[in-house]
Structure formats: structure tokens, C-alpha cells
2 protein chains.
Amino acid sequence: MPRTIGERSDAIPALAEVFRTHGFDGASLSLIGAATGLGKGSLYNFFPGGKEEMAQAVLDEIDGWFRREVFTPLREAKEPRQGIREMFQVVDRYFHSGRRVCLIGAFALGDSRDRFAACVAAYFAEWVDALAEALRRAGSGRAEARAQAEDTVAAIQGALVLARAADDRAVFGRIMRRQELLLLRK
Amino acid sequence: MPRTIGERSDAIPALAEVFRTHGFDGASLSLIGAATGLGKGSLYNFFPGGKEEMAQAVLDEIDGWFRREVFTPLREAKEPRQGIREMFQVVDRYFHSGRRVCLIGAFALGDSRDRFAACVAAYFAEWVDALAEALRRAGSGRAEARAQAEDTVAAIQGALVLARAADDRAVFGRIMRRQELLLLRK
DNA sequence: GTCTATAAAGCGATAGAC
DNA sequence: GTCTATCGCTTTATAGAC
């Protein structure tokens with residue numbers, strides 16, 4: 001998180017943190033102001049569309065990050081099985097081993113789903129697609145690869161729910177490890 | 001949903017619907033009043049603790065329902081494998097094949113987790129416990145049964161996230177069916 | 001017991017000084 | 001470009017009429 005906010009994108013990490021912690025409705029402008037160190041004037045200067053534009057900017061940033069660090073590597077990995085192993089590593093790091101919630105998953109379950117429906121749907125669809133392609137290249141049939149990919153993305157999201165519910169990140173690690181074994185066995 | 005509200009418990013289904021649809025923060029008293037057909041006077045007469053007491057009453061009702069319809073049957077089923085099959089059926093019906101969100105899962109990911117932390121943690125812990133016992137009775141070792149139970153509850157929660165994200169309940173059915181096969185194969 | 005009116009606080013958003 | 005003050009509205013919650 002940058003110490004000084006010089007441009008719009010500098011505020012995104014703090015914004016993401018606030019939305020993850022408090023949800024869209026719970027993230028008030030005063031909380032956002034405190035987290036970013038910006039007054040309302042500056043916030044509306046960077047984000048004329050207000051809170052909705054702030055959340056959209058965070059979602060776009062997350063989408064770009066996953067595209068760059070997860071989806072594309074999955075699709076382009078020379079060794080698909082190795083690519084899948086690396087996906088689990090990157091995802092575990094991203095979610096801080098289950099301590100950090102998936103903002104897009106939380107938006108999917110919450111009241112803000114309709115507002116950001118397209119973004120939310122596209123994120124999960126692309127994750128499933130990219131993983132299915134890697135699995136197909138690793139030897140699974142087309143239909144089986146899709147099924148395995150769907151199960152895996154669901155397992156990760158479910159693991160985040162359970163980890164946060166139990167306030168115990170060990171749950172997340174266990175589910176991730178078993179899902180990786182299930183996917184790469186044989 | 002009862003047509004007339006004569007006592008506190010008559011309002012619970014409508015309350016649950018509002019919290020599921022709008023989340024805790026998004027469920028304003030005016031929405032709650034419209035959904036229940038009750039004025040604020042009546043609401044505060046039934047729930048002196050306000051919104052928090054309303055949500056807690058809903059969580060208690062859900063907890064009781066799952067205990068009665070899912071956890072206890074799992075533990076007491078004469079045929080544990082058949083009991084597990086029935087769990088999948090009951091859960092599919094409860095979540096309207098993925099169209100209905102798990103309020104406790106949504107609270108776990110959302111801003112209201114801290115407020116209802118004990119309730120949320122207990123719900124998932126008991127589900128995993130009950131399913132693990134059934135799996136153990138069906139022949140799994142103690143550790144393996146726990147792992148399978150954890151994976152299954154996570155798969156169900158993840159399936160709800162994906163179904164809601166894609167606005168496609170078919171996803172939910174597919175993941176549930178595959179998880180059931182995985183659990184009961186051999 | 002249920003309504004309407006109202007209180008007090010917080011909200012998102014805007015305007016204007018600097 | 002960033003601040004403070006403020007608008008208009010909604011929120012939860014309460015008070016008092018009936």
C-alpha cells in the first residue's frame with residue numbers, strides 16, 4: 001500500500017481492503033477516507049462515480065491480476081500439470097492461506113451481486129475455462145476437464161467460506177492440498 | 001410464509017428471505033416491514049433488540065432446521081450411506097437447487113461475520129462433524145472421514161457461490177452430484 | 001399490540017473556499 | 001487538487017396516540 005496517493009491506482013489496494021473487510025454496503029465513505037488517507041474531495045476527484053466506481057475499479061484490478069497471474073499462466077504453461085501446481089501456490093499466497101476473503105465471491109453471495117453481475121460471472125467463468133483447458137492438455141477429456149475445473153474452483157471458494165467461518169486458516173490449506181492431489185493423481 | 005403474523009416465529013420466514021436477498025446491512029427496516037407486513041411498532045414489539053435480534057432469530061431457526069433435518073438424521077441413519085444420499089437430497093431442496101443462497105455462508109464472508117461469529121462457526125463445525133461420523137460408520141477411517149466431510153461441506157458452499165455468480169442453478173446440481181458420487185464410490 | 005410521527009445519527013454526494 | 005461545510009436523504013430506534 002503506497003504511503004502517498006498520487007494517482008487513482010495508488011488508492012486501489014486500500015479500497016480493496018476496505019471492501020473485503022466491510023462489504024460494499026458496509027464500506028462507508030468515512031471508512032474509505034480513513035483507509036486511503038484521502039478526503040471526500042480527493043476521492044470524488046479520482047472516482048467521479050462515487051462508491052460504485054471505486055468498487056468497480058477494485059474489481060477490475062482483481063480481474064486483471066488473476067488474468068495475468070493465474071489464467072494466462074494456466075493456459076500457456078509448457079507443462080500443464082506443473083502449471084496447475086503453480087496455480088494452487090499462487091492462489092494460496094493471494095488469499096493469504098485463507099485469511100483473506102475473495103471479494104468477488106463475497107459480492108456473488110451478497111447484496112451487491114446484481115450491481116456487478118457481469119464482472120462476477122466473467123471472473124469465475126474465465127477461471128473455470130482456463131483451468132479446464134490446462135486439464136484437457138494434461139490428458140483429461142473435454143467434459144471431464146470442465147467438471148474437474150468447476151469442482152476445483154468451487155472447492156477453493158468453499159474453502160474460503162469454511163476458513164473464515166471457523167476463523168482457522170488451516171482448513172483452507174487442507175482443502176486446497178487435497179483438491180490438488182485429486183486433480184493431479186494418476 | 002404465513003398470511004397473518006400472530007407471533008414472533010411467524011415473521012421468521014419473511015425475515016430470512018430479506019436477509020438472504022439483501023444481506024444484513026442491506027436489509028433496512030423499511031424492507032423488513034414491507035416483507036413481513038409489520039410496522040416498526042410491531043417489529044420492535046417482537047424483537048426488542050432490533051435488527052440484530054431479528055437476524056439472530058433467523059440464524060437460530062436455520063440452525064434448528066439443519067440440526068433436525070440434516071445433522072441428526074446423518075448421525076442416526078441406520079444405513080449411513082443411505083443417510084448421506086438423503087443429505088444431498090434434503091440440501092438440494094433446501095437451497096432450491098442453487099437458487100437460494102446459504103445465509104450463514106453469506107454472513108461468514110460478509111461484514112456481519114464478527115457479529116454472529118459463534119453461530120456461524122458452530123453451524124459449519126456441526127455439519128462437518130455429523131457428516132464425518134456418518135462416513136466413519138460407512139467404513140472410512142477417522143481422519144479420512146473428517147477430510148471427506150470437510151471437502152463436501154466446502155464443495156456445497158462453493159457450489160452456491162458459483163451458481164449465484166453465474167446465475168445458473170445447473171452448476172449447483174452438477175457439483176452436488178459429482179461430490180455425492182465421489183463420497184459414495186467403491 | 002399496532003400505528004404514525006419524530007428524534008438523532010450516519011449516509012452518499014456536492015459546493016465552494018483555498 | 002484537496003479540504004471543510006453542508007445538503008438532502010435514509011437509517012435505526014423511540015415516543016405517544018389509539
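Note on naming: letters A, B, ... go to the chains in the order of the sequence lines (proteins, then strands), and numbering restarts at 1 for each one. Worth knowing before you read on, the calculation uses all heavy atoms, side chains too, and leaves out hydrogens, waters and symmetry mates.
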Give me the distances for all protein-to-nucleotides 3-10 of chain C N/O pairs that come in under 3.5 Å?
{"from": "C:dC3", "atom 1": "OP2", "to": "B:Gly39", "atom 2": "N", "distance (Å)": "2.9"}
{"from": "C:dC3", "atom 1": "OP2", "to": "B:Ser42", "atom 2": "OG", "distance (Å)": "3.1"}

Salt bridge flag under 4.0 Å for residues A:Arg85 and A:Glu79 = no
Rounded distance (Å) that lies between atom [atom2] of [N] and atom [atom1] of [X]:
| X | N | atom1 | atom2 | answer |
| --- | --- | --- | --- | --- |
| A:Met54 | C:dG12 | CE | P | 9 Å |
| A:Ile32 | C:dG12 | CD1 | C1' | 10 Å |
| B:Leu29 | D:dC9 | CG | P | 20 Å |
| A:Asn45 | D:dT4 | CG | P | 16 Å |

Under the side-chain hydrogen bond (donor to acceptor under 3.5 Å, both in side chains) test, residues paired with B:Glu53 that sit two or more places apart = B:Arg8
message = Run the side-chain hydrogen bond (donor to acceptor under 3.5 Å, both in side chains) test against B:Glu52 and tell me which residues pass, sequence neighbours left out.
response = B:Arg115
ask   = If you check every side-chain atom of A:Tyr44, which of C:dG12, D:dA13, C:dG1 has the closest atom?
value = C:dG12
query = Got a second to check how far A:Leu74's CG is from A:Leu131's CG, nearest 0.5 Å?
reply = 5.5 Å
query = Heavy atom of residues 46-53 of chain A under 4.0 Å from DNA chain C: which residues?
reply = A:Gly50, A:Lys51
query = According to the side chain to side chain donor-acceptor pair (under 3.5 Å) rule, which pairs have a member within residues 157-177 of chain B, sequence neighbours left out?
reply = A:Glu150-B:Arg174
message = Over 60° means perpendicular and under 30° means parallel, so tell me whether A:Phe19 and A:Phe107 are parallel, tilted or perpendicular.
response = perpendicular
inquiry  = Check the orientation of A:Phe116 and A:Phe24. Use parallel for under 30°, tilted for 30 to 60°, and perpendicular for over 60°.
reply    = perpendicular
Cluster companions of A:Leu182 among Ile, Leu, Val, Met, Phe, Trp, Tyr (side-chain spacing under 4.5 Å) = B:Leu182
